[in-house]
Amino acid sequence: MLLLASIVTALASVAMLPTFMFITSRLQHATIGSAAPAFTECLTATFHYYQTVAHMALGLSYDTCTYFGSNISAKVLAASMGLVLQMWNQPHYRSGTFQQDMAKNLRNVALPGTGIPLSLLCRFRVTYVMYLVLHPFILMAYTVARATRVSLTNKPTSSSKATTPKKTSEECSATECYMMLLTQPKEWFPYWRLNCRLASFHAMVLDLRRQQTEAGCGPANNDGTPIGVEGKGSEQGQLADGDKEEKELLPHPPNGYAMEDKFTFLQEADAAGVPVSKTLTIPGLVIKDRNEEGGMGIHFFKNALNGGRWIIQQPLSNRDDIASLLPSPCPLSTMRIITASDGAVDVVEGTLPTDMDERRRKVKCLSAVFRAGRVNASTDHSSILFDVDLATGTIGEGTTNAHWYQLGPGSHVMRLQASPSFSAHPDTGKEVSGFAFKDIDDMKALVRDAHARLLPDVPLCGWDVAMTKEQGLCLLEVNLSCNFFNGSFDKNAYFKYQDQLFSLLDNSYRSMKHTAVSPQASR
């Protein structure tokens, strides 16, 4: 199947060359600015994309996938897309298989202007292969439409003087835009999907290693526990006498990916002394409609503490300085902070440090976004996403990704929408940009400590930090296939980290996949 997918991809890329040449010629005519990549550069990059996707779909080595040369970001993006075909039916840490997880998470997301849920593209292998083939052409079509819209926007009217328009973030050449979308995009969506692929591959490799070790054919820690699982001796049980208090705070999850379960996370965090939103210690709830009768309109919720599915908590409210920036009523509005842990590299190599301070030093904060909730919304998933400077805590420019969640027919179909920009909250007109979170250092310390204590073996974590009246700073949950929400971050360092991990994981996976124990053996 992988071979068939690769052959189809290669043949389709050749068959569609005339279309590519036509669209790229349109890119040349739609160019805004002077320093634009040439036709041949776009064509070469596109063929390198197909080569890279086919290379990984065939199960060839990540390290020998060198078509993009020194362009690490382009390699990581394309290679991880091809890797999906290898992970397709493999077990997933939060869903049955990787394919099922993709379908579940993309069911409420649509490519802007289409209204079509992206889950349809990953329903079957063949539809995903078709998407891989069409991906560059979708980017080209978007680029042409975007360049045309910008050109029309900046075109002076007959009654006005021809002036040089103010340069904006969108005002680059069409060919530059295409190359950026293909090799290092700005939008949040490709990074969310890349983070999902990394977390899934990382968890899959660790899970396979555990199974092989338990079967007696894989590497282990000094005390015999599998690499990737906290050791009983070398990792936690043999700390010096002076570290006994610290030892009592160390968590003992089977692996960090267990934290994806919200109840497990809350329980483990509370046991480790990490401040989280509190769960009510009641058996359950009975919720009745005020007007229904005859046994209708009544609902029972059994608390997860008592073996049920539901985490029952008291609602939390924004503290006063946060509430002053927001409309009323509005939801609890959180800070999304992304952290990266070098412990994810160590755990694959079997060298996860035992010292908590060292684990903390290996965790870095990458980005922060304040999700300013909209009026009458239930959660801050409906919000304006304001970038936050990690060094100073100062709020910068805001935007929204709501146009990615417009499904079905409507006025949004066949309409190109650029991400809007905000400095004030649109529901109140109050200026939000420029506000500084004075406790940004406390937030960073909180998430770094939580990452080091609870899941040092997980590469990237997205933390929802609440700033509340009732509990002060606390964590609501952690997201392991995390979303940057258009926050700014060091992309060069990010892609180097991704490249290092994909290389390490691919080598480890290739060395294990032909042994007697398969990833599905114990499922």
Side-chain angles (χ1 to χ4, degrees), residues 30 102-122 131 134-135 137-154 168-172 174 177-178 180-182 184-196 326-327 330-331 333-334 336 367 369-387 396-429 432-433 462 479 481-488:
M102 277 199 303
K104 183 171 68 174
N105 278 278
L106 293 175
R107 69 187 187 275
N108 67 334
V109 184
L111 191 68
T114 66
I116 302 172
L118 291 175
S119 57
L120 295 178
L121 300 179
C122 54
Y131 166 71
L134 293 173
H135 177 67
F137 299 92
I138 294 171
L139 301 184
M140 290 179 216
Y142 169 80
T143 300
V144 170
R146 170 205 151 278
T148 302
R149 180 174 59 81
V150 173
S151 297
L152 292 174
T153 301
N154 290 334
T168 68
S169 59
E170 282 206 343
E171 193 172 340
C172 60
C177 179
Y178 171 73
M180 178 188 68
L181 290 171
L182 186 67
Q184 194 177 108
K186 290 184 178 180
E187 282 282 358
W188 65 277
F189 182 78
Y191 294 102
W192 174 43
R193 299 316 305 160
L194 176 56
N195 292 344
C196 289
L326 304 170
C330 79
S333 298
T334 60
R336 166 59 63 89
S367 71
V369 169
F370 174 54
R371 299 191 291 189
R374 302 300 302 267
V375 66
N376 292 320
S378 299
T379 72
D380 61 1
H381 287 84
S382 175
S383 62
I384 307 300
L385 309 170
F386 285 95
D387 194 22
E397 186 178 78
T399 187
T400 179
N401 56 9
H403 53 297
W404 282 83
Y405 293 90
Q406 295 175 319
L407 302 177
S411 60
H412 56 276
V413 176
M414 300 300 293
R415 177 185 174 194
L416 180 64
Q417 299 181 63
S419 298
S421 179
F422 301 92
S423 63
H425 198 295
D427 295 332
T428 65
V432 177
S433 297
N479 300 273
S481 298
C482 49
N483 191 333
F484 282 101
F485 290 120
N486 281 330
S488 59

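With a 4.5 Å cut-off on side-chain heavy atoms, V369 and F484 do not count as touching. Looking only at side-chain heavy atoms (C-beta outward), N105 and S481 stay at 4.5 Å or farther from each other. Contact of the F370 side chain with the S383 side chain is not registered, since no non-hydrogen atoms from C-beta on lie closer than 4.5 Å. Between L118 and F189, some side-chain heavy-atom pair lies under the 4.5 Å cut-off. Residues I138 and Y131 form a side-chain contact, since some pair of their non-hydrogen atoms from C-beta on lies under 4.5 Å apart. The shortest distance between side-chain heavy atoms of R193 and P190 does not fall below 4.5 Å. When side chains are defined from C-beta on, N401 does not count as touching W192, because their heavy atoms never get closer than 4.5 Å.
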| task | List the steps and the verdict of side chain to side chain contact (heavy atoms under 4.5 Å, CB included) for E187 and W404. | result | CA-CA 11 Å; E187 282 282 358; W404 282 83; 3.6 Å; yes

| query | Where do L181 and T143 land on the side chain to side chain contact (heavy atoms under 4.5 Å, CB included) test, with the steps shown first? | reply | CA-CA 9 Å; L181 290 171; T143 300; 3.6 Å; yes

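Across P420 and T400, no two heavy atoms sit closer than the pair CG-CG2, 3.3 Å. The two residues C330 and G373 have their closest heavy-atom pair at CB-O, 4.2 Å. Among all heavy-atom pairs drawn from S433 and G396, the shortest one is OG-O, 2.6 Å. Taking all atoms of both residues into account, the shortest heavy-atom contact from A110 to L407 is CB-CD2, 3.5 Å. Closest heavy-atom contact between R336 and N479: NH2-ND2, 2.9 Å. Shortest non-hydrogen contact noted between G429 and A424 is O-CB, 3.6 Å.
In this structure, CE on M140 lies 10.0 Å from NE2 on H135, to the nearest 0.5 angstrom. The distance from the OG1 atom of T334 to the NE2 atom of H381 is 8.0 Å, given to the nearest 0.5 Å. A distance of 8.0 Å separates CG of N195 from CG of N483, quoted to the nearest 0.5 Å. Interatomic distance, NE2 of H403 versus CG of L111, reported as 9.5 Å (0.5 Å rounding). Here the straight-line distance linking atom SG of C122 with atom CG of L106 works out to 5.0 Å at 0.5 Å rounding. Taken to the nearest 0.5 Å, the CZ atom of F485 stands 15.0 Å off from the CZ atom of F386.
Looking only at distances, no side-chain donor or acceptor of T379 sits under 3.5 Å from a matching main-chain atom of A377. Counting only distance, with no hydrogens or angles, the side chain of D387 and the backbone of S488 share a donor-acceptor pair below 3.5 Å. The main-chain N or O of T399 is never found under 3.5 Å from a side-chain atom of S421 such that the two would form a donor-acceptor pair.
Residues forming a side-chain contact (heavy atoms from CB on, under 4.5 Å) with D427 (at least two apart in sequence, or on another chain): P327, R374, V375, H425.
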